[in-house]
Amino acid sequence: MEDVKPQLERALAEAIAILGVSDPEISIQEVPEDKPGDYGTPVAFTLARSLRRNPATIAQEITSRIELPPGIARVETSGPYINFVVDVASFVASVVESALEPSPHDKKVVIEHTSVNPNKEAHVGHLRNIVLGDACGRILQADGFEVEVQNYIDDTGRQAAESFFAVRYFGKDFDGAEKYDHWLGRLYVELQSAKESDAETIEQGVREVMHQLERGELREEVERVVHSQLQTSYQLGVEYDLLVWESDVVHSGFLKRGLEVLEQSPYVSHPQDGKYAGAMVMDVAEFIPGLEESTVVLVRSDGNAMYVAKDIGYQFWKAGIFEGLLYQPFDSQPSGKTLYTSSPRGETHPSGRTFAHGEEIVNVIDVRQSHPQTIVRTALALSGTEEGTKAYQSSQHLAYEVVTLEGRPMSGRKGITLSIDEVIEEAARRARAVVEEKNPGLSNIDRVAHQVGVGALRFGMLKSEARRIIDFRWEQALSLQGDSAPYVQYAHARACSILRAAQAQGLSADDPDWSQLGPLEVRLAQVITRLPGVVRTAAQELAPHIVAQYCLDLATAWNAYYNHKDAEGRYDTQVLKSQSGLREARLALVEKVKTTLATALSLLGIESPEEM
RNA sequence: GCGCCCGUAGCUCAGCCGGAUAGAGCGUUCGCCUCCGGAGCGAAAGGUCACAGGUUCGAAUCCUGUCGGGCGCACCA
């Protein structure tokens, strides 16, 4: 049996057609707790206008004419609302037997996230980026897209140069006492204060290092930081398909070719005199109205390209308009999946793989970069070329708000940060303390503590909308109860526990008698069956928080079911104590709850331990 | 100044392509383990959905304006 909602829509549409209205907008919603029925619609309201009749009468009429689809027991009106009552047995059975099958789009999405400057350890601001990007990738995949995750390495930037210069300046050698990225980050911060007394020497030195970086001479050092930073991602359960190095992007000629495309645009020019003499500029006034200064510099008068210009080349490549990068394996990730990297010494199709060529492009970048992001996209559009239009249409910026620390903005420069590594460690430590208390005998306690701690962290970053500022506070971020991952994980573990007990007693979900189920099971099944719609919406809107909220809904519904009592105050949903037939049906439902919780959590990159 | 985002319970947030008495968590108060996991459940208290207009049978949701708050407006990224 297919989903009830589309079936109800169709049946309603047919009944409404008899009344002389074609193609009405019909919304089917779950009926509130204390109202009759399971699914309902306010469609009679909408019809009242065009039919110029009382909505309640219309509802009556539709109700009397409608042909009920299979699985619907009856229909009734509640004033102007039309409510349907599902047939308990067939409804729950169909929900239990349904599978979350993505409708394949046959479409590739290239999603870029993480992109931490390779000069320091990642902090909790980056945590949001990493987790958000990772969750979007998982959700898009679940919705049927082919997903390629890219991590951009800005190896020619000033920040990297400063860190590597700091090593020389202070005459340090890495002794392995701490993580390499942390060590480098500390020197970076120290260099900032050293600038106060020795600005000129430092500036000159940093420039030298920048040139070295551009020539690719410090590749090994940069790779060392990247490897170090990747350990953090792996701890979070995050992996990538490809690292793209800025130096490779430049050396592959993408910058030059991007500029060539833009040259064709009437909005791009080379002023001979005035403020922008000698530069290559673009006028975006027509596309971004209201700007005080609508001239954007693409190439400086000294001949150096702006970031915007480089990014344009990069975006073209992502869309598959340019080719020319070479690739090679970079790391074997925890799952066993090979991580590739762009490289001057690679091949075009390592192991037969093709990178980029995204039909959709998602850039996970914080909201403060919205303006430059808009300019990049606008440039693509006003190039007036087919390629530019394609790249413009296929790319979108997932702008998320920043993470503050106890109400204050983070600053890498000033060293006001909190590293992800530190937070993960503390999260696991706290989780471990609780597990030890609640479940002393647990064998793989460290692993479970990590799953719970990291789960709590990730969930905290994902449960509210991306455009919301998150103020990081330990108590909230690592909360193990309430609106949290551990709450959901606990609900999952509880279901597992029942299934384990059933197995120990030699019980299985075979031969269920669905007809013995009642409204309590229907309510739970209704929540279970929402998942496919949740995934679709979350994918369309790039909004993992929708999935997070769903996890909470399902865990809450399951916990409420589990704890339900009858009028005399006795538990009336105990699976294993139910009579035969009912017991098997409930076992099957619990099994479905378990897998649905685990699936939903996995879309957020959160693991579901069987015991905790 | 211009642009974008936000304003829902004491605090942190869902709900926002219009629909049934506005929902959670934290905190406060009261109940629930002779019962498959109490990291749980039930209940109470707590709301001019910033404000003012408008559209509509119906507005937290859409439109306009106002007031608060955040961010952005470089030959940086």
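All of these numbers come straight from a predicted model, not from anything done at the bench. Chain letters run A, B, ... following the sequence lines, proteins first and then strands; every chain starts at 1.
The residue A:Ser370 sits apart from the nucleic acid: no heavy atom pair falls under 4.0 Å. Counting non-hydrogen atoms under 4.0 angstrom, A:Phe45 reaches a base of the nucleic acid. Note on A:Thr573: a base of the nucleic acid sits closer than 4.0 angstrom, heavy atoms only. Using a 4.0 Å heavy-atom distance criterion, A:Arg158 is classed as making no nucleic acid contact. Within the nucleic acid shown, A:His545 comes within 4.0 Å of sugar-phosphate atoms alone, with no base atom in reach, counting heavy atoms only. Nucleic acid contact for A:Val31: base, since at least one base atom lies under 4.0 Å from a heavy atom of the residue. If you check every strand for non-hydrogen atoms under 4.0 Å, A:Lys275 touches a base. A:Glu611 comes within contact range of at least one nucleobase, with a heavy-atom separation under 4.0 Å. Within 4.0 Å (heavy atoms only), A:Asn54 reaches no atom of the nucleic acid at all. Heavy atoms of A:Glu292 sit under 4.0 angstrom from at least one base atom. A:Leu499 comes within 4.0 angstrom of nothing in the nucleic acid, heavy atoms only. Using a 4.0 Å heavy-atom criterion, one finds that A:Asn117 contacts no nucleic acid atom at all. Nucleic acid contact class of A:Glu401 (heavy atoms, under 4.0 Å, all strands): none. Counting non-hydrogen atoms under 4.0 angstrom, A:Ser484 reaches nothing in the nucleic acid.
Atoms CD (A:Gln369) and C1' (B:C71) sit 13 Å apart, rounded to a whole Å. In this structure, A:Gln481 atom CD and B:U12 atom P are separated by 18 Å, rounded to whole Å. Rounded to an integer number of Å, the gap from CG of A:Asn439 to C1' of B:G38 is 14 Å. Whole-Å rounding puts the A:Asp471 CG to B:U12 P distance at 9 Å. Look at CZ on A:Arg570: it is 13 Å from C1' on B:U34, rounded to the nearest Å. Spacing between atom NZ of A:Lys463 and atom P of B:G15 amounts to 13 Å, rounded to whole angstrom units. Taking atom NE2 on A:His371 and atom P on B:G3, their separation rounds to 14 Å, with Å as the unit. Taking atom CG of A:Leu552 as the reference point, atom C1' of B:G15 lies 14 Å away to the nearest angstrom.
Comparing B:U61 with B:G54, their C1' atoms sit 15 Å apart, to the nearest whole Å. Distance noted for atom C1' between B:C63 and B:A44: 40 Å (whole Å). The gap from the P atom of B:U8 to that of B:U48 amounts to 12 Å, rounded to the nearest Å. Annotation: B:G10 and B:C57 have their C1' atoms spaced 37 Å apart (nearest Å). Taking atom C1' on both nucleotides, B:A22 is separated from B:C16 by 12 Å, rounded to a whole Å. Across B:G65 and B:U29, the matching P atoms stand 47 Å from one another, rounded to whole Å.
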(request) Go through the steps for A:Lys195 and A:Glu162 under the test salt bridge (charged side-chain N to carboxylate O under 4.0 Å, His left out), then give the verdict. (result) CA-CA 11 Å; A:Lys195 280 180 183 173; A:Glu162 295 204 355; 3.0 Å; yes
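Not one side-chain nitrogen or oxygen of A:Arg300 sits closer than 4.0 Å to the OP1 or OP2 atom of B:A74. Listed pair A:Ser464 / B:C13 fails the phosphate criterion, with no side-chain N or O lying under 4.0 Å from OP1 or OP2. Between B:C5 and A:Arg467, no contact under 4.0 Å exists linking OP1 or OP2 to a side-chain N or O. The phosphate of B:A24 (OP1 or OP2) has no side-chain N or O of A:Tyr487 nearer than 4.0 angstrom.
A:Tyr267 and A:Phe287 have their aromatic ring centers within a separation under 6.0 angstrom. The six-membered or imidazole ring of A:Tyr152 lies near that of A:Tyr314, with a centre-to-centre distance under 6.0 Å.
Across all strands shown, B:A59 has no partner, as no Watson-Crick or G-U wobble contact with both distances under 3.5 Å is found. B:A50: Watson-Crick or G-U partner is B:U66, with both key distances under 3.5 Å. Pair assignment for B:G3: B:C71, on the basis of Watson-Crick or G-U wobble contacts that are both within less than 3.5 Å. Partner assigned to B:C11 is B:G25, using Watson-Crick or G-U wobble distances below 3.5 angstrom. The pairing partner recorded for B:A20 is none, the criterion being a Watson-Crick or G-U wobble arrangement whose two distances lie under 3.5 angstrom. Applying the Watson-Crick and G-U wobble criteria (two distances, each under 3.5 Å), B:C41 pairs with B:G31.
When each of A:Tyr307 and A:Lys577 is assigned the nucleotide of RNA chain B with its nearest heavy atom, A:Lys577 is the one assigned upstream, toward the 5' end. Toward the 5′ end of RNA chain B lies the nearest nucleotide of A:Leu576, the other residue of the pair A:Lys310 and A:Leu576 mapping further downstream.
Closest to the A:Asn83 side chain, of the nucleotides B:A20, B:C57, B:U21, is B:A20. Closest to the side chain of A:Lys565, out of B:G19, B:C41, B:C32, is B:C32. Ranking B:G7, B:C71, B:C36 by closeness to the A:Arg468 side chain, first place goes to B:G7. Distances from the side chain of A:Tyr571 to the nucleotides B:U21, B:C41, B:C32 place B:C32 closest. For A:Asp483, the listed nucleotide lying nearest its side chain is B:G25; candidates were B:G25, B:A77, B:C41. Minimum atom distance to the side chain of A:Lys35 is reached by B:A20, of the listed B:A77, B:G37, B:A20. Here B:G15 is the nucleotide among B:G37, B:G15, B:C75 with the atom lying nearest to any side-chain atom of A:Glu465.
With its ring centre under 5.5 Å from that of the base six-membered ring and a plane angle below 30°, A:Tyr81 counts as stacked on B:A20.
Just one of A:Leu259, A:Leu262, A:Val281 meets the side-chain contact (heavy atoms from CB on, under 4.5 Å) condition when paired with A:Val268; it is A:Leu262.
A cation-pi arrangement, defined by a distance under 6.0 Å to the six-membered ring centre and an angle within 45 degrees of its axis, is present between A:Arg494 and A:Tyr562.
For the pair A:Lys120 and A:Gly185, the tightest heavy-atom approach, listed with the atom from each and the gap, is CB-CA, 3.8 Å. The minimum heavy-atom distance between A:Glu30 and A:Gln526, with the atom names listed, is OE2-O, 3.7 Å.
Distance check, rounded to the nearest 0.5 Å: CD1 of A:Ile445 to NE2 of A:His450 gives 14.5 Å.
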